[in-house]
Amino acid sequence: MSAYVLALDQGTTSSRAIVFDETGHIRGSAAYEFPQIFPRPGWVEHNPEEIWDSQLRAARSALANAKIQASEIRALGITNQRETAVVWEKGTGKPLANAIVWQCRRTAEMCELLRRDGHESTFRERTGLTTDPYFSGTKVRWLLDEVPGLRARAEKGEALFGTVDSWLIYRLTGGRVHATDYTNASRTLLYNIRDLDWDDDLLRLLQLPRAMLPEVRPSSGVLGETDPALFGASIPIAGVVGDQQA
């Protein structure tokens with residue numbers, strides 16, 4: 001029996017899926033765009049359900065175009081827009097706000113205050129990043145501060161945060177796995193690249209509950225299996241790497 005791999009590429013404007021055979025040739029593919037939301041100049045949002053729906057549709061269409069069954073897929077891999085922040089309800093997997101996209105500049109003033117208060121060197125030494133609204137840490141802080149009731153729910157462990165890979169993994173596994181990989185975690189402003197762990201000092205600076213955060217795993221290795229109801233059979237999720245060059 002031939003072996004196939006399903007690659008999901010969740011990008012800023014569209015979701016794509018490709019089925020590769022064991023020789024690396026493309027057997028089927030599909031892509032679907034989803035809406036961009038611009039609440040005001042410099043702000044960019046996505047509806048997480050539209051990300052999920054477009055990615056699921058692309059995956060199913062790629063399998064259909066390849067004329068194969070999910071049981072023939074040996075592994076599924078994910079690559080994604082890295083710094084976009086999603087917050088959802090732990091119990092149901094429903095989004096609790098629109099995702100704040102990596103281009104969004106709404107936290108520029110928050111980043112300037114962090115620099116003015118002398119925290120730039122701490123973030124740089126521990127994460128390798130500058131305090132810039134490009135990264136997802138300040139986006140999550142903004143959501144907790146601005147969405148009514150969200151901070152209280154996060155502190156009770158009822159709300160989860162993740163970049164788009166985590167959001168897809170959670171939905172693909174039917175809520176069984178809340179995880180990310182090193183490449184995505186390292187772009188949050190929250191991950192200590194020397195200790196390979198979420199940094200409690202940075203979480204305190206940004207006032208983010210650690211319970212919201214996904215488990216960080218290697219980019220290569222099985223994180224879980226898809227819910228069999230999605231494709232007709234379970235598929236191991238065996239690779240996660242941030243950004244399209246993956």
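What you see below is based on every heavy atom in this structure, not just the backbone, and it leaves out hydrogens, waters and symmetry mates. Starting from 1, each residue takes its place in the sequence as its number.
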Indicate yes or no for a side-chain donor-acceptor contact from [X] to the backbone of [Y] under 3.5 Å, with no hydrogens or angles considered.
| X | Y | value |
| --- | --- | --- |
| N65 | S61 | yes |
| Y191 | L196 | yes |
| Q207 | R204 | no |
| R176 | E225 | yes |
| S166 | A179 | yes |
| H178 | G162 | no |
| T84 | Q81 | no |

Determine whether the side chains of [X] and [Y] contain a donor N or O and an acceptor N or O closer than 3.5 Å.
| X | Y | value |
| --- | --- | --- |
| R27 | Y4 | yes |
| T130 | D132 | no |
| T79 | D9 | no |
| S136 | E83 | no |

Is any side-chain heavy atom of [X] less than 4.5 Å from a side-chain heavy atom of [Y]?
| X | Y | result |
| --- | --- | --- |
| T163 | V86 | no |
| V177 | R217 | yes |
| L190 | L213 | yes |
| V5 | I73 | no |
| L202 | N192 | no |
| P48 | V87 | no |
| V164 | L168 | yes |
| L230 | R60 | yes |

Can you tell whether the side chains of [X] and [Y] come within less than 4.0 Å, N to carboxylate O?
| X | Y | value |
| --- | --- | --- |
| R141 | D145 | yes |
| E89 | K94 | no |
| R210 | D199 | no |
| R106 | E45 | yes |

Self-check item: Crowding at CD, Q36 (>12 non-hydrogen neighbours, <6.0 Å)
Solution: yes
Self-check item: E112 atom CD: more than 12 heavy-atom contacts under 6.0 Å
Solution: yes
Any chance you could measure [X], atom [atom1], to [Y], atom [atom2], to the nearest 0.5 Å?
| X | Y | atom1 | atom2 | result |
| --- | --- | --- | --- | --- |
| D181 | I78 | CG | CD1 | 9.5 Å |
| L223 | I169 | CG | CD1 | 5.0 Å |
| N98 | I51 | CG | CD1 | 9.0 Å |
| I100 | E146 | CD1 | CD | 9.5 Å |
| S15 | E50 | OG | CD | 10.5 Å |
| S121 | R126 | OG | CZ | 9.5 Å |

Nearest heavy atoms of [X] and [Y], plus distance in Å:
| X | Y | answer |
| --- | --- | --- |
| A30 | A62 | CB-N, 3.9 Å |
| L208 | G137 | CD1-O, 3.8 Å |
| G157 | K90 | O-CD, 3.4 Å |
| P209 | E155 | CG-CG, 3.9 Å |
| H46 | P35 | CD2-O, 3.9 Å |
| L6 | A59 | CD2-CB, 4.2 Å |

Quiz item: Does W43 have R105 sitting over its ring (NZ/CZ under 6.0 Å from centre, angle to axis within 45°)?
Solution: no
Practice problem: Report the residues that fulfil side chain to side chain contact (heavy atoms under 4.5 Å, CB included) with E33, sequence neighbours left out, ordered by chain and then residue number. | Solution: S14
Is there a path of hydrophobic side-chain contacts, each under 4.5 Å between heavy atoms of I, L, V, M, F, W or Y residues, that connects [X] with [Y]?
| X | Y | answer |
| --- | --- | --- |
| L8 | L63 | yes |
| Y32 | F34 | no |
| W142 | L189 | yes |
| M110 | M212 | yes |
| F161 | L205 | yes |

Practice problem: Please work out which of the three classes, parallel, tilted or perpendicular, describes the rings of W88 and W167, given edges at 30° and 60°. | Solution: tilted
Quiz item: Which of these passes side chain to side chain contact (heavy atoms under 4.5 Å, CB included) with W52: R57, Q10, R171?
Solution: R171
Self-check item: side-chain contact (heavy atoms from CB on, under 4.5 Å) between E120 and R115, worked out
Solution: CA-CA 5 Å; E120 173 77 6; R115 288 191 292 271; 3.3 Å; yes
Quiz prompt | Those residues that, when tested against Y134, pass ring-ring contact (aromatic ring centres under 6.0 Å, His included) (two or more places apart) | solution = W102
Quiz item: Are R82 and D165 close enough, and set up right, to give a salt bridge (Lys or Arg N to Asp or Glu O under 4.0 Å), and what steps lead you there?
Solution: CA-CA 8 Å; R82 283 191 296 182; D165 59 307; over 6 Å; no
Practice problem: Please write out which residues are connected to F20 in a hydrophobic cluster, directly or through intermediates, given that two of Ile, Leu, Val, Met, Phe, Trp, Tyr count as joined at side-chain heavy-atom separations below 4.5 angstrom. | Solution: I18, I26
Self-check item: Pair L96-R153, side-chain contact (heavy atoms from CB on, under 4.5 Å): steps then yes or no
Solution: CA-CA 10 Å; L96 294 171; R153 299 198 67 184; 3.7 Å; yes
Practice problem: Evaluate side-chain contact (heavy atoms from CB on, under 4.5 Å) for T226 paired with F231, printing each intermediate quantity in order. | Solution: CA-CA 8 Å; T226 64; F231 304 111; 4.0 Å; yes
Exercise. Take L114 and F123, measure what side-chain contact (heavy atoms from CB on, under 4.5 Å) needs, and give me the verdict at the end.
Key: CA-CA 10 Å; L114 288 168; F123 280 100; 4.3 Å; yes
